[in-house]
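Take a look at the structure below.
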Amino acid sequence: MIRYEYSENGYQGWGAARGRFQDEFLVRLFRDMLRIRLIEEEIERRYHQDQMKTPIHLVIGQEATSVGCCAALRKTDLLYSSHRTHGNYLAKSGDLKAMLCEMHCRINGCVGSRGGSMHLIDKSVGMAGTSAIVAGAIPIAAGSALTAQLQGLDRVSVVFFGDAGTEEGVTSESLNFAALKKLPVIFFCENNFYSVQSPLATRQPPREIYKWAAGYGIASVRVDGANVLAVYEAVREAVKRAREGGGATFIEAPVYRFRAHGGAGDDSHTGYRDTAELKAWEEVCPIETYFRFLADAGLITIAQREHMHAEIMLEVIEAFDYALASPNPEEKDLYAHIYSD
Amino acid sequence: MPWDEGLVNSLVYEAPDPGTGRSLGYAKAINEALDIALAHDPGVFVLGQGVDDPGAMFGTTRGLQEKYGAARVFDTPLSEEGMMGVCTGAAMNGMRPVYMHNRPDFILLAFNQLVTHASKYHYMDNGQTTVPMVVWAAIGRGWGSGAQHSQSIQGLLLGVPGLKIVMPSTPYDAKGLMLAAIADNNPVLIFEHRWLMKKDGTVPEGFYTVPLGKGIYRRRGSDITIVGASHALEVALQAANKLAADGIESEIIDLRTLKPLDEQIIAESLKKTGKILVVDTGWAMGGVCAEIGCLAAEKWFDYLKSPVRRVGLPDIPTPAGYTLEQFYYPDAEKVAGVIREMVKK
């Protein structure tokens, strides 16, 4: 039984996109999504080797949200994330080698092996913080936005979370405060309908999340999370609002997790969701539907895609080799940064 | 007038610090610290439920909003976890929030952000981020404060890496420790005691700091070492002064900061006296008393001439009623009794 259906129109009606955006930009979005997918698949392929001693939360199926969002941000804008960090980190231009070193518990990981895959942080590119506690980063992003407001900066703060994040009390507290202070913050909810294996229907009454958020008195929209251009445009508008002093925006993007909550592979066979539901969403894969759209528009060929694929894989394999050859921390490294001087 | 104002007004203190110089009230000393910090660092902002109301957080925030504006001194929604996260996010981006709470009991609502986020980021992201924030609250006691408005939660937080915990006991320290806490690059908790708020003492004008992690002798003696902080120390001082008439000379150490702990001063005194009594405003079990007591047994066993003793709260929620309270809180008489027993041995 398909409980959660894709209810959008894909790229139907987006023919004019070619005129609205530069061709290079449209192709870049494809490459960015493909790169994340290929990195995730390689992580998944190697995960059973136990070299990456870290929990993983793959974003396979959810590439359009990270890529579409980050394309609308400046490097100096700050992104906060949940436990599902890979896509956010990579889309915000986090260094791949530092990410894989972190996942292999090496000292030159992006946070020196103190965080693992749930804490991919790189402040130099604005990947500013994550939380492994659901909704934990939401008030922190509000505090980041308050800082920009107090300091008179036109910096925007964005925080990613899932549908379950809206159930935590602190999210209500943060939406209220953001509305009260007109904070330059974007609350980005990737609604993938499941919290681990608990479906949305057992956790929330039948109601649209973005309408619930609108009740706090901030702009709130729903956007097709499988359509990278729709995400980009929604975030661009939210960014404009934030920079112009118009306050916060809540964005709900329905997407689908093609894999289990954590670890490698799909777990639909355990019975909490129907494999037919997964299949239906795979039909509207954010990468494949976008590829068809670009190909139909004559912006990319299969040969070009294959070349792109090979190029990315070269980078990915090299980064894995680099991580595996990197040094482990030493005991003395345990004791650094307990307190800041 | 706050509900327990009459009670607090009726408390009489002998100034433990009768030095020369300007005398100032406790709340006013904190007010002055906040004023100086706001004036000197544009990154400092002060928030909390009612910081701009007529009560002005026992007077500690009086006049600050008028002087520094509503953007930097502001009332908050009743959202403790959310606001603790806002402070964390602001601190992570270069601000120095001072988050004022009427009572520590309300900080319990914000443990997720305090314990799992604010105290962790600096370590978790390998030092990329610092989290310089101050969380302040005044421990309540009496006039029906009861189980939910009188908790001393420092013991619950003592074991959390990355936090600092400060408990002043004089107006001088309240100002100097507040300024040190604001300047510190880590999350610092300051637990005041409501009953100290009407105390007067010598307070220098202008900027000065009292270093975090350094204790101070409040009384010198050679018969017994008493360590503690805040109002528990006040009670111990009363007991010690009483016993001096009987020829018992207690050495009293005001820790001022519970974390990091000044182990050196405790060891120094214990080496001399061989006896240690730990006092705290919180529960004796698993808290400050337990930790310091254990430390004495673990590290300084060779100095000990009698068993470690502790005087904290019993393993019971605080009763609200006046009579039950008298049985619940250890007074100077009780502390004196314990000292007598220890010195006799």
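Sequence lines set the chain letters: A, B, ... in the order given, protein chains first and strands last, and positions in each chain run from 1. Note: hydrogens, waters and symmetry copies are ignored here, and every other heavy atom, side chains too, is used. Everything numeric in this text was worked out from a predicted model, so none of it was measured.
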Any residues in residues 161-187 of chain A near chain B, with a heavy-atom distance under 4.5 Å, and which are they? Val170(A), Glu173(A), Asn176(A), Phe177(A), Leu180(A), Lys181(A)
Asp341(A) atom CG, neighbour heavy-atom count above 12 within 6.0 Å: no
Report yes or no: does Arg114(A) contribute a side-chain atom to a donor-acceptor pair with the main-chain N or O of Asn126(B) at less than 3.5 Å? no
If you count heavy-atom pairs within less than 4.5 Å of chain B, which of Ser340(A), Ala137(A), Ser131(A) leads? Ser340(A)
Is any side-chain heavy atom of Ile133(A) closer than 4.5 Å to one of His117(B)? yes
Could you tell me which portion of Ala141(A) (side chain, backbone, both or neither) has an atom closer than 4.5 angstrom to a non-hydrogen atom of chain B? neither
Please flag which part of Asn112(B) lies under 4.5 Å from any non-hydrogen atom of chain A: side chain, backbone, both or neither. side chain
As an exercise, state the distance from CE of Met92(B) to CD1 of Ile140(A), rounded to the nearest 0.5 Å. 5.5 Å
Checking heavy atoms, do the side chain of His122(B), its backbone, both or neither come under 4.5 Å from chain A? both
Heavy atoms only, distances under 4.5 angstrom: which of Asp333(A), Ile338(A), Ile138(A), Leu120(A) has the most pairs with chain B? Name it, please. Ile338(A)
Non-hydrogen atoms of chain B under 4.5 Å away: do they reach the side chain of Ile121(A), the backbone, both or neither? both
Could you check if a side-chain atom of His119(A) sits within less than 4.5 angstrom of a side-chain atom of Asp125(B), using non-hydrogen atoms only? no
Taking all non-hydrogen atoms of both residues into account, name the closest pair between Gly82(B) and Pro139(A) and its distance. O-CB, 3.4 Å
Checking Gln128(B) against chain A: side chain, backbone, both or neither under 4.5 Å from a heavy atom? both
Exceeds 12 heavy-atom contacts within 6.0 angstrom, atom CD of Gln148(B): no
Which atoms of Ala128(A) approach chain B - backbone, side chain, both or neither, heavy atom under 4.5 Å: backbone
Among residues 30-41 of chain B, which ones touch chain A with a heavy-atom distance under 4.5 Å? none
Please check if the side chain of Tyr339(A) supplies one atom and the backbone of Asn185(B) the other of a donor-acceptor pair under 3.5 Å. no
Apply side chain to side chain contact (heavy atoms under 4.5 Å, CB included) to the pair Asn93(B) and Gln151(A), showing each step before the final yes or no. CA-CA 10 Å; Asn93(B) 286 287; Gln151(A) 294 182 346; over 6 Å; no
What option among Gly112(A), Ala142(A), Gly115(A), Gly136(A) has the most heavy-atom pairs under 4.5 Å with chain B? Gly136(A)
List the atom of Tyr121(B), the atom of Thr130(A), and the distance in Å for their closest heavy-atom pair. OH-O, 2.6 Å
Ranked by heavy-atom pairs below 4.5 Å to chain A, first place among Met124(B), Met84(B), Glu80(B), Lys120(B) goes to Met124(B)
Region of Thr76(B) in contact with chain A, defined by heavy-atom distances below 4.5 Å: neither
Does some side-chain heavy atom of Leu334(A) sit less than 4.5 Å from a side-chain heavy atom of Tyr123(B)? yes
Most contacts with chain A, counted as non-hydrogen pairs under 4.5 angstrom, among Thr129(B), Val131(B), Asp184(B): Thr129(B)
Check each atom of Leu146(A) against the heavy atoms of chain B and say whether the ones under 4.5 Å are side chain, backbone, both or neither. side chain
